[in-house]
Every structure is written in C-alpha cells, then in structure tokens.
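Notes follow the structure.
Reckoned from all heavy atoms, side chains included, excluding hydrogens, waters and symmetry mates.
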Amino acid sequence: MKRRRRGTAAAVLFDIDGTLVDSNYQHVHAWCRAFTDIGTPVDAWRIHRCIGMDGTTLVKTLAEGADDDARTRAKDLHSKYYKESASLLRPLPGARGLLEAVEKLGVQVVLATSAPDDELAILRDVLDCDHLVSAMTSSEDVDTAKPRPDIINVALERAGVEPAHAVFVGDSVWDVEACKRADVVTLALLSGGVSKCELEEAGAHQVFEDALDLCQHLDDTPIAALANLVGAR
C-alpha cells in the first residue's frame, strides 16, 4: 500500500463493491442462497436494493422473523457462497484507470469499504492496485457501517483530511446517505444497478455510468477542485 505523501491535503474515497469491482450480483446470489438455507427465502430484487448496506443491518431488514442464531448463520453462509464465486469477479470498466488518474493528480486514493477483511483481500487482488492506495478501511473498523457515516469518518481520519477536502465515489443510496451524514460530496455510478433518479434523490452531486465515464469527465467534477487544492495542477 502506498505511503501517504506529506502535505497531501485531499482524498478521493472509493467504495469497491459495484463501484470498482463487478461484485454486486454475486452478493445478491450469495444472499439468496444463504436466506434460503436458513428457511427464510428472500426475493433477489429485495436483496439487491439492500446491497451496500451494513451486513448486519441488511440481515435484520430482510429476515425480520429470524432469530439471532439464524441471522449469524445467514451472514456466514453469504460469506461462504460469495467466496465460492470469487473467480467471477472482475474490475469494472475504467476502475484501474480512474485510480491511476486520481493518484496522478496528487490526490490520495482511499478504499473506504465495509467489506470484511477476507472479502477485502479478494477485492484487492482483483483490483491489483494497492500501489496506488494511501489508506483503506474494512468492517473491522466500525460496529455499524453504511448508511451510518462511521466508515466514512474512519477513512477521513486515516487520510488525514477534512470532509470538505474529500470526495466519495460509490454506487448505492446507502453510500450517498452515509456521506451526507459525514458532510462529504458523493459522485455516484450506475454500475451497482441503482437508477440515476434514486441516486440523485438521495443526494448524489453527479451521476456517471461507470468508473470509465467518470474518468473521462474528471475535469468536470469536484475531484478536479481537490487537485487544485493540493497544488498539483
């Protein structure tokens, strides 16, 4: 992982699932299997609408009638089934190029995810971009993740930046809501399967098709202002 450069005063915080790696539908499938196994089947579309939410909150939301043991088992099964599909994971179009472009601007690249450490290791391997990353988070860093702002606040602290000197890139309404609570501007991508209308209504500053689209329009986003902030342009 890249060491944070002394004096770098700005950062772009990146969600990973559905933003940089095409993984959301693997999560949906894994949750479908897990909920069925505990005897509480859940429709796939309902699961998809909760992807990006804190795992414990997701299970409580979708399996209200399940007891604590069943909910814990569902989370364990989801992790098992998700890992079984790891070979299907791919970086989304433009993901690596976007991280490279941000780093080239002199702005810190921070992976602000609430994925468990074992899943994060898989995602990092898929991205193969650790040399560009200044800091990262995981589910181990907070008790409850998105839509609470805790994971965003941890990422800001590790980057050593104020909310006004950061931009978040994500793909879900839960990302946007968490960032609103942390006073961080969000750029949203459609690659997670959430509509532009929903992301805008949640409060996204701008919405792009995917990482490639954002990379191609970087000069027209608040990320360009961050580069000016650190005097890199």
Original post:
Which atom names give the shortest non-hydrogen contact between D22 and L89, and what distance separates them?
Top reply: O-CD2, 3.8 Å
Subject >> Nearest-0.5 Å distance that lies between atom CD in E177 and atom NZ in K180 >> reply: 6.5 Å
Original post:
Taking the side chain as C-beta and beyond, is there a heavy-atom pair between S85 and H29 under 4.5 Å?
Top reply: no
Original post:
Are the side chains of L105 and L226 in touch, meaning some heavy atoms are under 4.5 Å apart?
Top reply: no
**OP:** For A202 and V176, work out which heavy atoms get closest and say how close.
**Re:** O-CG1, 3.4 Å
Original post:
In Å, rounded to the nearest 0.5 Å, how long is the span from CG of L58 to NE2 of H27?
Top reply: 10.5 Å
Original post:
In Å and rounded to the nearest 0.5 Å, what is the CZ to CG distance from R181 to D150?
Top reply: 9.5 Å
Subject >> Electrostatic pair D54:R148 at N-O distance under 4.0 angstrom >> reply: no
Original post:
Do D171 and V194 come within less than 4.5 Å of each other through their side chains, counting heavy atoms only?
Top reply: no
Subject >> Full working for side chain to side chain contact (heavy atoms under 4.5 Å, CB included) between T113 and L120 >> reply: CA-CA 8 Å; T113 177; L120 177 57; 3.7 Å; yes
Subject >> Rounded distance [0.5 Å steps], NZ in K75 versus CD1 in I38 >> reply: 12.0 Å
Subject >> Backbone N/O of L62 and side chain of R46: donor-acceptor pair under 3.5 Å >> reply: no
Original post:
Are V110 and R158 side-chain neighbours, meaning at least one heavy-atom pair lies under 4.5 Å?
Top reply: no
Subject >> Closest approach of A63 to F35 (non-hydrogen atoms, all atoms of both residues) >> reply: CB-CE2, 3.8 Å
**OP:** Report yes or no: does R90 contribute a side-chain atom to a donor-acceptor pair with the main-chain N or O of S87 at less than 3.5 Å?
**Re:** yes
Original post:
NE2/H217 to CD/E209 distance, rounded to the nearest 0.5 angstrom?
Top reply: 10.5 Å
Subject >> Whether R71 side chain and T56 backbone form a donor-acceptor pair below 3.5 Å >> reply: no
Subject >> CD on E84 to NZ on K80, rounded to 0.5 Å >> reply: 5.5 Å
Original post:
Are L212 and L92 connected, step by step, through hydrophobic side chains (Ile, Leu, Val, Met, Phe, Trp, Tyr) whose heavy atoms are closer than 4.5 Å?
Top reply: no
**OP:** Could you tell me whether a side-chain N or O of R73 sits under 3.5 Å from a main-chain N or O of D37, the two making a donor and an acceptor?
**Re:** yes
**OP:** Return yes if some donor-acceptor pair links the side-chain N/O of K83 with the main-chain N/O of I122 below 3.5 Å, else return no.
**Re:** no
Original post:
Would V28 and L20 show up in the same hydrophobic cluster when neighbours are defined by side-chain heavy atoms closer than 4.5 Å?
Top reply: no
Original post:
Within the distance-only criterion (no hydrogens, no angle test), does the side chain of S138 pair as donor or acceptor with the backbone N or O of E140 below 3.5 angstrom?
Top reply: yes
Subject >> side chain to side chain contact (heavy atoms under 4.5 Å, CB included) between K60 and M53, worked out >> reply: CA-CA 11 Å; K60 287 182 178 178; M53 184 186 285; over 6 Å; no
Original post:
Checking H48 side chain against G192 main chain: does a donor-acceptor pair fall under 3.5 Å?
Top reply: yes
Original post:
Is the backbone N or O of Q26 less than 3.5 Å from a side-chain atom of S23, with the two atoms forming a donor-acceptor pair by type?
Top reply: no
Original post:
Does CG in D68 sit with more than 12 non-hydrogen atoms of other residues, nucleotides or ligands closer than 6.0 Å?
Top reply: no
Original post:
Do P91 and V126 touch side chain to side chain, with heavy atoms closer than 4.5 Å?
Top reply: yes
Subject >> Linked, directly or transitively: L199 and F208 (ILVMFWY side chains, under 4.5 Å) >> reply: no
**OP:** Mind running side chain to side chain contact (heavy atoms under 4.5 Å, CB included) on I51 and Y25 for me, showing each step along the way?
**Re:** CA-CA 9 Å; I51 295 298; Y25 293 94; over 6 Å; no
Subject >> D210 backbone acceptor or donor facing D213 side chain under 3.5 Å >> reply: no
Subject >> Heavy-atom pair of closest approach, residues A9 and H165 >> reply: O-CB, 3.3 Å
Subject >> Path from L214 to V133 over hydrophobic side-chain contacts below 4.5 Å >> reply: yes
Original post:
Under 4.5 Å between any side-chain heavy atoms of H78 and V59, yes or no?
Top reply: no
Original post:
Taking the side chain from Q206 and the backbone from D220, do they hold a donor-acceptor pair closer than 3.5 Å?
Top reply: yes
Subject >> Hydrophobic cluster identity match, I16 and L187, side-chain contacts under 4.5 Å >> reply: yes
Subject >> Minimum-distance pair of heavy atoms, taken over all atoms of S139 and P116 >> reply: OG-CA, 3.1 Å
Original post:
Are the side chains of V109 and S134 in touch, meaning some heavy atoms are under 4.5 Å apart?
Top reply: no
**OP:** Evaluate the criterion side chain to side chain contact (heavy atoms under 4.5 Å, CB included) for residue pair V207 and L190; output intermediate values, then yes/no.
**Re:** CA-CA 7 Å; V207 179; L190 300 178; 3.6 Å; yes
Subject >> Atom of I152, atom of A182 and distance for their closest heavy-atom approach >> reply: CG2-CB, 3.7 Å
Subject >> Candidate pair D175 and S172, rule side chain to side chain donor-acceptor pair (under 3.5 Å), full reasoning >> reply: CA-CA 5 Å; D175 291 329; S172 73; 3.3 Å; yes
